[in-house]
Amino acid sequence: MDDDRSGRWKDKSEKVARWRVLPDGRVEIVYTSNAKAYPYGPERVRVLGRSDRMVADSHQLIEVDGVIWTNATEVCTFTGYGEAWARIFYKTRNGESQSLQAASKVRVVPNAAGRPEVADVLAYWRGIVSRLPDDDPLRPVYDSLGFVHPESALARYLVGAPIESTPLAAAPIYPFRCNLSQRQAVENALTNAVSVIEGPPGTGKTETILNLVANIIASGTQTVGVVSFGNSAVDNVRDKLDELGFGPVIARLGNKDMATAFFDGQQSRTRRVQEFVAGTPAAPDARRLTELDGRLRRLQEAERRRAQLRHDLDAYGLELRHFEKHVQPGDLSQLDRLPLLRRSADRILDYLVETDREENRSGGLVRRIRQYLKFGSLRGLDPSDTAVVLRLQRAFYDRRIDELTTQLAEVDGELSRGNFTALAEEHRLLSRQALHAVLGDRYRRSGTTVFTQANYRSRFTEFAAQHPVLLSTCHSLRANLPSGQLLDYLIVDEASQVSLLAAGAALASCRNLVVVGDLKQLPHIADDAAKGTVAPQPAYDYESHSLLASLSVLYGQALPKTLLREHYRCDPAIIGFCNKSFYGGDLVPFTQSGSGHAMVVRRTVEGNHMRQHTGGGRTNQREIDVINREVIPRECANVRPEDIGITTPYRRQANKVTQTLIEQIEADTVHRFQGRQKDVVIMTTVLDETWRGQTGLKFVDDPQLINVAVSRAAKKFVLVTNHDLLSKSRHVRDLIDYIGYQRLDQGVVDSAVVSVFDLLYREYSRRLRSLAGRLQSGSKYRSENIIWTVLVELLKEPPYEHLTIAPQVLVSNLFPDRSGLTEDQARYVGNRASVDFVVYNRVSNRPLLAIEVDGFKYHEDNPVQLARDALKNQIFEVYDLPLLRLPTTGSDEEARIRAALDAANAR
């Protein structure tokens with residue numbers, strides 16, 4: 001039965017009745033002459049029939065049962081008689097050997113690295129890696145990255161392949177806490193080859209990852225890796241899985257020392273597996289789990305509504321306190337009898353909108369009858385009197401707060417009747433039971449083999465059956481796997497800090513990719529080795545993009561994303577700043593306000609206290625003194641030292657703070673605090689108003705840095721800054737103004753111009769725009785709609801994205817104190833004077849610019865109106881608020897608005 005490589009038989013044998021491959025690899029042949037079975041070594045047998053021969057090279061490799069054989073040199077596949085078989089020739093230390101395998105397990109895999117677009121990016125990345133220090137962990141990774149599996153996430157990413165979608169294979173389980181956003185994120189990840197989970201601070205990223213891992217391994221066959229740029233994030237996943245008793249599924253690998261520690265603990269894990277299997281419960285009733293899931297989803301919608309209602313109630317309460325502080329409509333008790341004041345908040349607002357225009361405040365019998373039917377008796381109500389409008393605005397707040405309180409009580413009742421807490425706990429327990437049952441069955445089938453660091457790669461299928469969850473770092477993952485091995489899923493945590501060089505190494509080792517991160521937090525810091533290099537395409541630029549940013553650029557709107565909206569960490573006032581400044585108001589705080597003020601500004605005495613050191617870095621001893629002598633004694637009196645964190649943009653300042661603090665208080669840079677939290681966080685900005693201080697403003701005023709610094713604080717955030725409050729900053733100044741607004745401007749903002757009543761005018765705007773859209777006549781409405789459209793589009797641009805717009809703002813709402821006005825000016829304000837648009841900072845509600853649209857008929861061709869316009873101009877000059885007039889007969893409005901916005905931003 002012997003043969004040579006040419007396929008000619010040296011020994012012609014009798015006819016074969018049948019044959020099969022034995023478990024030990026030998027071939028058993030039954031001859032027709034005596035029906036006896038004879039075993040032969042696989043090297044002596046070749047199956048006759050059609051033969052396909054392939055020689056392995058750099059462009060294509062041989063894969064056997066999912067594993068790339070890098071030492072394979074040739075494969076010959078034979079078909080035609082019975083099952084197809086493949087003979088694989090491979091190099092060994094002693095020369096060459098061969099293996100007979102079922103052809104169904106063997107395939108030829110082309111090397112995706114040979115594609116020009118892939119080769120170009122890899123060459124660009126390798127060029128950067130080659131400039132890194134010799135001991136950099138990425139150097140050996142890229143030295144070994146000669147083969148890129150065509151089915152890997154890296155191959156698809158580097159060619160920009162469309163993201164494939166598949167339906168859910170089974171209803172998801174949730175052994176860990178979940179909410180509506182987390183559900184959507186898990187389902188999105190399970191149905192898309194590439195997906196992103198946007199996880200702002202405190203929104204439960206870890207629970208989302210854990211639930212995703214649980215669903216992947218609950219399939220019974222799939223593997224998943226969890227990596228990050230460092231160890232803390234993946235260790236958090238390990239600890240949470242271990243807490244629930246699922247620790248045996250984890251292979252905590254990584255660098256050589258961590259892998260050694262893992263394999264040294266194999267014996268103890270074997271005992272835990274045996275205990276785990278012994279305690280395996282029966283699988284829960286699938287119908288009960290499905291029923292619970294449906295009920296829980298509905299109650300989670302109510303839970304989110306409750307959190308939003310609480311947030312809205314707090315916001316309206318705060319805005320009402322500002323209204324009461326600044327607005328004094330006078331004694332209008334004669335209006336209390338009006339039915340309108342007892343109508344809904346929306347109905348009161350409808351009346352204010354419908355009487356906004358002077359031409360709408362009077363009318364014929366039909367209009368009066370229509371208003372009577374809609375609003376009730378309006379006898380004695382003068383809609384042109386500013387004091388009356390202010391009284392109605394106050395009534396709007398009262399009614400809205402009453403309505404929100406009632407709605408909140410109804411939702412509380414719904415959750416109580418639905419037994420929400422108990423239902424959520426039962427759902428978690430049944431999900432854990434389902435996962436335990438699947439894993440218990442897996443371990444019964446796979447056994448508890450003890451692997452070593454030397455043999456687990458060669459037996460990786462068995463190893464992964466026992467440890468389907470592999471934890472590592474981006475740098476180490478490729479070395480932890482057999483060459484060419486692909487995990488079914490890879491979850492990259494903290495992906496905004498994962499560089500493309502680190503990501504490339506990890507993406508080469510998975511089929512499906514889930515990226516978890518937040519572009520609003522600090523990105524990775526590019527190595528200087530990249531300077532002077534040019535990326536083949538912008539999406540793959542190492543200096544400009546993290547993995548998360550790169551995917552966003554590459555796929556745009558086609559990238560499946562889920563924003564985790566429910567926030568669980570910070571006091572609502574603290575996360576409220578981040579929400580308004582960076583997340584577009586999309587977050588829903590599930591926390592409730594604590595006692596006292598959650599945000600504080602402490603400024604130093606006058607003077608320039610920053611010092612720039614010759615060896616680099618900056619410090620500010622006066623701010624450190626304020627922290628030690630004022631902030632810690634007064635703001636942290638009842639807080640344990642270990643629950644206090646002090647952060648700063650500058651390393652030298654952090655070191656100096658550490659030298660002066662008691663041991664348990666931790667001080668570090670904002671970059672190092674990312675991913676952590678403290679009950680109280682104190683931030684020292686270091687800078688002053690000198691020209692040297694201004695040179696550091698771009699670094700300190702970075703929006704991602706400010707977002708990270710503020711969101712580290714769970715209960716209180718204290719900002720320590722210079723006396724002038726960094727007046728030329730944007731984000732720091734927004735933070736200061738926001739804190740002032742939260743504290744009703746106590747000791748922070750000194751201005752006769754009052755913050756816009758944001759909630760009132762947002763609702764007012766919705767109704768006003770709807771009404772204007774229904775009106776078919778009147779050039780003024782059309783011209784204002786044009787300017788509104790221009791403004792809305794302009795405020796989407798990065799320089800203006802912190803701004804928003806309110807229409808038809810009552811002048812008395814902006815300037816409630818009329819003591820500085822002349823009698824004519826005060827009378828004009830009292831006659832319901834308004835301005836067409838006010839552009840204001842949506843973080844602090846501070847007005848920046850007023851805009852008037854002047855129609856020819858109502859302004860330039862109307863002497864009475866021209867006189868009113870002059871009064872309005874004078875009033876805005878008194879309060880030093882810029883007023884831009886745009887005549888409808890003019891041109892180039894967009895350029896004029898842009899110039900006015902730039903000037904207002906610079907004030």
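Interatomic distance, L705 CG to Q674 CD, rounded to the nearest 0.5 Å: 9.5 Å. From S546, atom OG reaches atom CG of L522 across 11.5 Å, with rounding to the nearest 0.5 Å. Here D412 contributes atom CG and R310 contributes atom CZ; the two are 6.0 Å apart, rounded to the nearest 0.5 Å.
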Q.
Working note: Q521 + S496, criterion side chain to side chain donor-acceptor pair (under 3.5 Å); need CA distance, chi angles, decisive distance, verdict.
A. CA-CA 7 Å; Q521 296 191 61; S496 63; over 6 Å; no
Q: Take F577 and H731 through the ring-ring contact (aromatic ring centres under 6.0 Å, His included) test and state the conclusion after the steps.
A: CA-CA 10 Å; F577 168 75; H731 299 286; 8.5 Å; no
Q) Where do S195 and N188 land on the side chain to side chain donor-acceptor pair (under 3.5 Å) test, with the steps shown first? A) CA-CA 7 Å; S195 65; N188 206 31; 5.1 Å; no
Q: Go through E291 and R298 one step at a time and tell me if the salt bridge (Lys or Arg N to Asp or Glu O under 4.0 Å) criterion holds.
A: CA-CA 11 Å; E291 183 224 343; R298 289 189 292 273; over 6 Å; no
Q: Walk me through it: do Y583 and N707 pass the test side chain to side chain donor-acceptor pair (under 3.5 Å)?
A: CA-CA 10 Å; Y583 298 105; N707 184 29; 2.9 Å; yes
**Q.** Pair Y738-S581, side chain to side chain donor-acceptor pair (under 3.5 Å): steps then yes or no
**A.** CA-CA 10 Å; Y738 174 87; S581 297; over 6 Å; no
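S552 is linked by a side-chain hydrogen bond (donor to acceptor under 3.5 Å, both in side chains) to K561, counting only residues two or more places apart in sequence or in another chain.
Between E301 and R305 there is no salt bridge, since no side-chain nitrogen of the basic residue lies less than 4.0 Å from a carboxylate oxygen of the acidic one. Salt bridge K205/D518: absent, no basic N to carboxylate O contact under 4.0 Å. Ion pairing between a basic and an acidic side chain is recognised when a charged N comes within 4.0 Å of a carboxylate O; E793 and K796 show such pairing. Between R842 and D758 there is no salt bridge, since no side-chain N of the basic residue sits under 4.0 Å from a carboxylate O of the acidic one. Of the charged side-chain nitrogens involved, none lies within less than 4.0 Å of a carboxylate oxygen, so that K580 and D586 do not count as a salt-bridged pair.
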Throw together a table of side-chain donor-acceptor distances under 3.5 angstrom for residues 503-516, partners on residues two or more places apart or in other chains.
{"residue": "R511", "atom": "NE", "partner": "E151", "partner atom": "OE1", "Å": "3.4"}
{"residue": "R511", "atom": "NH2", "partner": "E151", "partner atom": "OE1", "Å": "3.3"}
{"residue": "N512", "atom": "ND2", "partner": "D488", "partner atom": "O", "Å": "2.9"}

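Heavy-atom neighbours of K715 NZ from other residues, nucleotides or ligands within 6.0 Å: at or below the threshold of 12. Enclosure of atom CD in E117 by more than 12 non-hydrogen atoms of other residues, nucleotides or ligands within 6.0 angstrom is indicated. Crowding of R676 atom CZ: a count of heavy atoms from other residues, nucleotides or ligands under 6.0 Å exceeding 12.
Minimum heavy-atom separation, Y142 to V129: CD1-CG2, 3.8 Å. Considering all non-hydrogen atoms of both residues, V224 and L487 come closest at C-CD1, 4.5 Å. The minimum heavy-atom distance linking F420 with L296 is given by the pair CE1-CD1, 3.7 Å. Minimum interatomic distance between D541 and Y124 (heavy atoms only, all atoms of both residues): OD1-OH, 3.6 Å. I68 and G484 make their closest contact through CG1-CA, 3.6 Å (heavy atoms, listed as atom of the first residue, atom of the second, distance). Taking all atoms of both residues into account, the shortest heavy-atom contact from V196 to L548 is CG1-CD1, 3.5 Å.
Here the side chain of D679 pairs no donor or acceptor atom with the backbone of A713 at under 3.5 angstrom. Side-chain atoms of R442 come within 3.5 Å of backbone atoms of G220 as a donor-acceptor pair (strictly under, hydrogens ignored). The backbone N or O of V194 lies less than 3.5 Å from no partner atom in the side chain of N192, so there is not a single donor-acceptor pair. Of the possible donor and acceptor atoms, one in the side chain of S550 sits under 3.5 Å from a partner among the backbone N and O of A539. At least one donor-acceptor pair closer than 3.5 Å links the side chain of H567 to the backbone N or O of P201. Side-chain atoms of R432 come within 3.5 Å of backbone atoms of P175 as a donor-acceptor pair (strictly under, hydrogens ignored). A donor-acceptor pair under 3.5 Å is formed between the side chain of N579 and the backbone N or O of L587. Counting only distance, with no hydrogens or angles, the side chain of D493 and the backbone of A233 share no donor-acceptor pair below 3.5 Å. Panel note: side chain H149, backbone L486; no donor-acceptor pair is recorded below 3.5 Å. For Y540 (side chain) and L554 (main-chain N/O), no donor-acceptor pair under 3.5 Å exists by modelled atom type.
Using a 4.5 Å heavy-atom threshold, the side chains of L299 and N419 count as separate. Considering only heavy atoms from C-beta on, I706 stays 4.5 Å or farther from D702 through its side chain. Residues H436 and F246 are in side-chain contact: their nearest non-hydrogen atoms beyond the backbone lie under 4.5 Å apart. Taking 4.5 Å as the limit, every side-chain heavy atom of T223 sits out of range of all side-chain heavy atoms of Y489. No side-chain heavy atom of L471 sits under 4.5 Å from any side-chain heavy atom of L253. Side-chain atoms of P200 and L563, non-hydrogen and from C-beta on, do get closer than 4.5 Å to each other. With contacts defined as side-chain heavy-atom distances shorter than 4.5 Å, the pair K678/R712 does not qualify. Side-chain contact between K520 and Q704 is absent, with no heavy atoms from C-beta onward closer than 4.5 Å.
Cation-pi geometry between R269 and F262 is satisfied (NZ or CZ under 6.0 Å from the ring centre, within 45° of the ring normal). Both tests do not hold together for R457 against F463: distance to the six-membered ring centre under 6.0 Å, angle to the ring axis within 45°.
Looking at R478 and S483, their side chains never bring a donor and an acceptor atom within 3.5 Å of each other. Residues E207 and Q182 have side chains that never bring a donor and an acceptor to within less than 3.5 angstrom of each other. A donor-acceptor contact closer than 3.5 angstrom is absent between the side chains of S476 and N255. Side-chain N/O atoms of S152 and Y157 include no donor and acceptor closer than 3.5 Å.
If you run side chain to side chain donor-acceptor pair (under 3.5 Å) between Y568 and each of T591, N179, T203, only N179 comes through. Of the listed residues (I209, I216, N215, N211), just one forms a side chain to side chain contact (heavy atoms under 4.5 Å, CB included) with V213, and that residue is I209.
Aromatic rings from F229 and H475 are positioned such that their centres are separated by 6.0 Å or more. Ring centroid separation for the pair F582 and H802 does not come in under the 6.0 Å cut-off.
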